[in-house]
Number of protein chains: 2
Amino acid sequence: MPEVQGGENLLFLTDEQLRQGIEAMFFAYRGFTADPDRILSGMAYGRAHHRAIHFIARAPGTTVNNLLNILGVTKQSLNRVLRTLVEDGLVDSRVGKNDKRERNLFLTEDGVTLERKLSDAQRARMRAAYRVAGPDAVSGFRQVLEAMMDTDMRRQYYQIRDTSS
Amino acid sequence: MPEVQGGENLLFLTDEQLRQGIEAMFFAYRGFTADPDRILSGMAYGRAHHRAIHFIARAPGTTVNNLLNILGVTKQSLNRVLRTLVEDGLVDSRVGKNDKRERNLFLTEDGVTLERKLSDAQRARMRAAYRVAGPDAVSGFRQVLEAMMDTDMRRQYYQIRDTSS
DNA sequence: CATAATATGTCAGCTTTGTTGACATTCCAA
DNA sequence: TTGGAATGTCAACAAAGCTGACATATTATG
């Protein structure tokens with residue numbers, strides 16, 4: 001049990017409060033992924049495909065190596081997913097111009113269509129939650145999430161965020 | 001539901017803002033699970049075992065049926081996880097007193113020890129994030145997460161939360 | 001320049017954890 | 001008391017992680 005120093009500033013950090021936060025995170029993440037999961041379950045795809053499609057849309061021309069750093073999976077695991085997406089004509093994999101070992105990844109027209117469908121659904125969920133909670137809550141939400149990331153992930157997050165527009 | 005109105009109050013709900021929230025959720029969840037994952041990777045367990053242990057600790061005597069509703073997986077999938085935990089002496093599965101079809105689940109002494117180790121690690125992460133973000137941010141964090149849950153999950157969340165102490 | 005070391009991506013096979021289907025046991029209601 | 005519903009277990013399969021081996025391209029070193 002954390003002997004927490006005096007001062008009412010820290011009173012909200014009881015184990016019980018922390019556990020509620022942990023469980024809120026668990027249940028909320030289920031909601032967060034529910035809509036895209038539902039859309040993809042009809043097709044032969046899953047959450048792994050969604051993640052790949054999302055970040056290729058976000059950074060067109062990204063390499064396999066870059067993508068697996070962002071996703072935090074092995075290249076072998078990502079490769080299986082990418083192969084099906086390429087075979088199905090959703091992703092275009094082009095040999096790198098400078099470095100021929102690399103593959104630059106792009107969404108095809110069909111890929112863009114699916115990406116839009118998935119992100120529309122996920123944004124709708126996020127928008128509804130934001131509206132219910134209000135602007136101040138959204139700010140706090142973002143602050144806690146950023147503080148919860150590993151340092152490496154936080155760097156990735158900022159980098160992608162700031163190169164987007 | 002806060003009546004959402006026209007005007008600049010909605011300006012923060014741009015697609016770009018929503019997308020940042022989505023990606024923050026993705027990267028933060030990785031951090032959220034990282035410490036328990038690391039602890040369990042040494043043993044023959046994974047995230048599924050952690051979830052089962054967590055909710056058995058939270059509601060001792062819970063049934064398999066109840067647990068799979070909370071976890072949102074099939075009973076067959078949960079059963080495999082529970083079997084290994086029972087075999088390894090971390091969970092005690094007792095035939096129900098009233099209804100002999102049911103199994104009431106409890107952590108053994110070893111189970112309690114592992115649960116504490118896992119939740120200590122996860123709470124430390126959450127505590128650090130809360131401290132960095134501050135009390136107001138924490139409140140907003142919780143509000144957005146609750147609004148993001150599916151209705152069924154929110155009910156489960158409230159119920160577990162309010163029966164704990 | 002030649003060749004060894006490194007980096008990138010692919011293929012094959014294994015593990016974890018999700019899924020559906022079949023079934024035994026127990027309970028409950030007609 | 002008997003047929004249907006509920007609970008949980010066993011078996012087989014699918015998705016998506018993982019490690020290892022390898023082909024190709026690049027870079028560094030002799």
Side-chain angles (χ1 to χ4, degrees), chain A residues 26 29-30 33-34 36-56 61-88 91-106, chain B residues 26 29-30 33-34 36-56 61-88 91-106:
Chain A
F26 171 71
Y29 199 78
R30 295 256 298 279
T33 57
D37 282 357
R38 216 176 345 261
I39 291 170
L40 290 168
S41 71
M43 335 173 56
Y45 297 138
R47 206 175 291 176
H49 300 84
H50 180 201
R51 293 197 283 255
I53 287 171
H54 175 99
F55 285 105
I56 294 173
T62 187
T63 63
V64 172
N65 211 15
N66 187 39
L67 199 51
L68 62 90
N69 280 327
I70 291 170
L71 296 176
V73 298
T74 59
K75 58 185 175 178
Q76 296 89 331
S77 184
L78 176 58
N79 182 59
R80 189 197 303 116
V81 168
L82 285 178
R83 186 172 33 192
T84 67
L85 291 173
V86 168
E87 281 170 2
D88 297 349
V91 167
D92 194 9
S93 170
R94 305 181 202 157
V95 173
K97 268 221 133 85
N98 299 340
D99 190 332
K100 288 178 194 159
R101 292 171 303 180
E102 295 182 341
R103 302 287 179 274
N104 295 112
L105 303 169
F106 302 87
Chain B
F26 171 72
Y29 199 78
R30 295 257 298 280
T33 56
D37 281 357
R38 216 175 347 258
I39 291 170
L40 291 168
S41 71
M43 335 173 57
Y45 297 139
R47 207 175 290 177
H49 300 84
H50 179 200
R51 294 196 282 254
I53 288 171
H54 175 97
F55 285 106
I56 293 173
T62 187
T63 63
V64 172
N65 211 15
N66 187 40
L67 200 51
L68 63 89
N69 280 325
I70 291 171
L71 296 176
V73 298
T74 58
K75 58 186 176 179
Q76 295 91 332
S77 184
L78 176 57
N79 182 59
R80 190 197 301 117
V81 168
L82 285 177
R83 187 170 32 190
T84 67
L85 291 173
V86 169
E87 282 170 0
D88 296 350
V91 167
D92 193 8
S93 170
R94 305 182 201 155
V95 172
K97 267 221 134 87
N98 298 341
D99 190 333
K100 289 179 191 158
R101 292 171 302 180
E102 297 184 339
R103 302 288 179 272
N104 294 113
L105 304 169
F106 301 87

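Per chain, numbering begins at 1; letters A, B, ... match sequence-line order. All values derive from a computational prediction rather than experimental measurement.
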Chemist: Can you list the residues that meet the side-chain hydrogen bond (donor to acceptor under 3.5 Å, both in side chains) rule with N66(A), with sequence neighbours excluded?
Modeler: T62(A)

Chemist: Mapping K97(A) and L78(A) to their closest nucleotides on DNA chain D, which lands nearer the 5' end?
Modeler: L78(A)

Chemist: Who pairs with N104(A) by side-chain hydrogen bond (donor to acceptor under 3.5 Å, both in side chains), at least two apart in sequence or on another chain?
Modeler: none

Chemist: Residues two or more places apart in sequence or in another chain: which of them pass side-chain hydrogen bond (donor to acceptor under 3.5 Å, both in side chains) with H50(B)?
Modeler: none

Chemist: Does N79(A) reach the side chain of V64(A), with side-chain heavy atoms less than 4.5 Å apart?
Modeler: no

Chemist: With respect to the phosphate group of dG18(C), does any side-chain polar atom (N or O) of R51(B) fall under 4.0 Å of OP1 or OP2?
Modeler: yes

Chemist: Roughly, in whole Å, what's the span from CG in N98(A) to C1' in dA7(C)?
Modeler: 15 Å

Chemist: Identify, residue by residue, the members of residues 38-48 of chain A with a heavy atom below 4.0 Å from DNA chain D, and return them in order of residue number, or none.
Modeler: G46(A), R47(A), A48(A)

Chemist: Below 4.0 angstrom from OP1 or OP2 of dA16(D), is there any side-chain N or O of H49(A)?
Modeler: yes

Chemist: How would you list, by chain and number, every residue that makes a side chain to side chain contact (heavy atoms under 4.5 Å, CB included) with R101(B), sequence neighbours excluded?
Modeler: D99(B)

Chemist: Using nucleotides 8-13 of chain D, report all nitrogen or oxygen pairs with the protein that are shorter than 3.5 Å.
Modeler:
from, atom 1, to, atom 2, distance (Å)
dG8(D), OP1, V64(B), N, 3.4
dG8(D), OP1, R103(B), N, 3.1
dG8(D), OP2, N65(B), N, 2.7
dG8(D), N7, K75(B), NZ, 2.6
dG8(D), O6, K75(B), NZ, 3.2
dT9(D), OP2, N79(B), OD1, 2.6
dC10(D), OP2, R83(B), NH1, 3.0

Chemist: To the nearest Å, how far apart are D99(B) CG and dA24(C) C1'?
Modeler: 15 Å

Chemist: Quick one: is T74(B) getting a side-chain N or O under 4.0 Å of the dG18(C) phosphate, OP1 or OP2?
Modeler: no

Chemist: In residues 40-47 of chain A, what donor-acceptor pairs under 3.5 Å come from side-chain atoms, sequence neighbours left out?
Modeler:
from, atom 1, to, atom 2, distance (Å)
S41(A), OG, R38(A), O, 3.0
Y45(A), OH, D88(A), OD2, 2.3
R47(A), NE, D37(A), OD1, 3.3
R47(A), NE, D37(A), OD2, 3.3
R47(A), NH2, T33(A), OG1, 3.4
R47(A), NH2, D37(A), OD2, 2.7

Chemist: For I39(B), check side chain to side chain contact (heavy atoms under 4.5 Å, CB included) against everything at least two apart and list the hits.
Modeler: K117(B), L118(B), A121(B)

Chemist: What integer distance in Å separates L71(A):CG from dC18(D):C1'?
Modeler: 16 Å

Chemist: Quick one: which residue pairs count as a salt bridge (Lys or Arg N to Asp or Glu O under 4.0 Å) with a foot in residues 67-78 of chain B, not counting sequence neighbours?
Modeler: none

Chemist: In whole angstrom, give the distance that lies between atom NE2 of H50(A) and atom P of dA16(D).
Modeler: 13 Å

Chemist: In Å, rounded to the nearest 0.5 Å, how long is the span from CG of L85(B) to CG of L105(B)?
Modeler: 9.5 Å

